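Only one structure is covered here, and it is reproduced in the block below.
Every value quoted in this text rests on a predicted model; they were computed, and no experiment measured them. Counting convention: from 1, in listed order, for ligands and their atoms alike. One is the number of the first residue; the rest follow in order along the sequence.
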Amino acid sequence: MAMTISFHGAARTVTGSCLEVEVGGKRILLDCGLFQGTRSIEALNQEPFAFDPAGIDAVVLSHAHIDHCGLLPKLAAQGYAGPIWCTPETVDLLEYMLADAGRIQEYEAERRNRRRDRAGEEPFEPLYTEADAMTAWRLARPVMLDEWFEPAEGIRTRLWNAGHILGAASIEVEGGGVRMMFSADIGPDNKAFLPQPQGGAGFDHVICEATYGDRARSRVTMEERRELLAAVIDETLGRGGNLVIPAFALERTQELLLDIATLSGNGRIGPAMVFVDSPLANRATGVFRKYVRGLQDTAGRDVFAHPSIHYVHDASESMRLNSLSGAIIIAASGMCEAGRIRHHLLHNLPRRESTILFVGFQAGGSLGRVIQEGARRVRISGQEVAVRAQIRSIDSYSAHADQGELLDWMRDRGPVSGSLFLDHGEEQAALELGRLAKAAQLAPSVIVPEIGERYELQAGTPAKRLATGRPDLRRVMARDWQNDYADLATNLKQKLGRINDPDARREAIAAMQRVLDSYGKA
Ligand SMILES: [Zn+2]
């Protein structure tokens, strides 16, 4: 007897988490996530599944982030009707996260079809609809942490707290005489609301994420982080401006509310009006409130009911915030690409007394990144806006373990008698973490898998590769030209501006033009 695993996503890339586990003809999926990022990576969402959806016996889901659950609606629409096992918190968050994802897919298809219509092309079908999303959500079944269950005959699983976001779990799998651990996303040591990640020890095989496999963060305690936030609040409200914070709706928004409620509760900041302006964040906060008794760092109180926090419900109420001064406005999306944050930027970027505070990663090419890097003018919804507001960043909010914390997590799962796989990380990050894991002798074999690879797992011996990865995906997974282009375009004007002599500036532009033309001739 043995266990076979197949990597269908999140290998040498950070999204599309999906691992197929097969024991004695029974098949389960650990996660079924959406690919996100560049256009060529997102194109993978349109491909047929590498397995028959109707042939899957069960899904075990680690958490409600879209890159782990965002293809469940497609799976259900294509014939999967079995249970989706996850923690009760994840069941609740999943309803809103999937519905939101369905609406985004419908909106995106509509937008593309407006263009296609003009060009006389065939209409583009949405990847899935909000109705598909709800069909998938109805398959969700709650299971508590630390409790063994049998998703399919001959396969036992148990969920462990991953310390990543509310409800997030690592998944232990036993079957075919093999003990295996799938980390999914692991949280950092200093994470609000959640205890340290756990996961048992002494596995045959371990699959560990590598998102920050090549990065060590400076360790900032929760108190130090709150002090940084308090300073930004003080300086902004002291000037009479608004503090506008673009934030992810799930977890980051609630961490900010916890920090603000704590600072306000101990008198560190004066009374401030806080507006949470994102329908998805409001719904996610509702789930946090439902489980608030089990959350750490809240001193046993419902911090989300703090009297200074106001939840904005409809769009007209959101628009009324435009005439305010001296308020803290938390809105999505986190990278300023969509959502209500855009009109708050439109109204606050030109105001010298306001501050835009970034508390999350801004991908290259996103509006958030452009503002963060000091652009003097930006375009929002077709309008040119001058940036006069103060731009600040606090980079110590994170839901992911860094390099040292990932190594600690892997060490705690030891001794590993077979193979250690590093997935869910850009190639460079996974390879670097793999090098360190090998040097620390964390397992007899260390593998950085590729999408499409299949392995046979036996107890006490390194994994055997049964199928190789897809060579066509190697280029897709590598940083593609659109990333490089976005970085170049973001900095181009600034770099040209640094050339003092106008003639030299024109010569630089002409030289770039010559380089591009030379490719046209080839
Ligand atoms: Zn996650």
- For the Zn ion (ligand 1), report each protein N, O or S atom nearer than 2.8 Å, sorted by chain and then by residue number.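 Atoms qualifying: H63 NE2, H65 ND1, H164 NE2, D185 OD2.
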Ring centroid separation [X] to [Y] under 6.0 Å:
X    : Y    : answer
F304 : Y311 : no
F49  : H8   : no
H164 : H68  : no

- Item | Residue of the set Q428, E426, E427 for which side chain to side chain donor-acceptor pair (under 3.5 Å) holds with R12 |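 Considering Q428, E426, E427, a side chain to side chain donor-acceptor pair (under 3.5 Å) with R12 is found only for E427.
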- Query: So do the side chains of L61 and T87 get within less than 4.5 Å of each other, counting heavy atoms only?
  - Reply: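 Not touching, per the 4.5 Å side-chain cut-off.
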- If we ignore angles and hydrogens, is there a donor and acceptor under 3.5 Å between the side chains of H65 and E251?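 Not at all, the side chains of H65 and E251 share no donor-acceptor pair under 3.5 Å.
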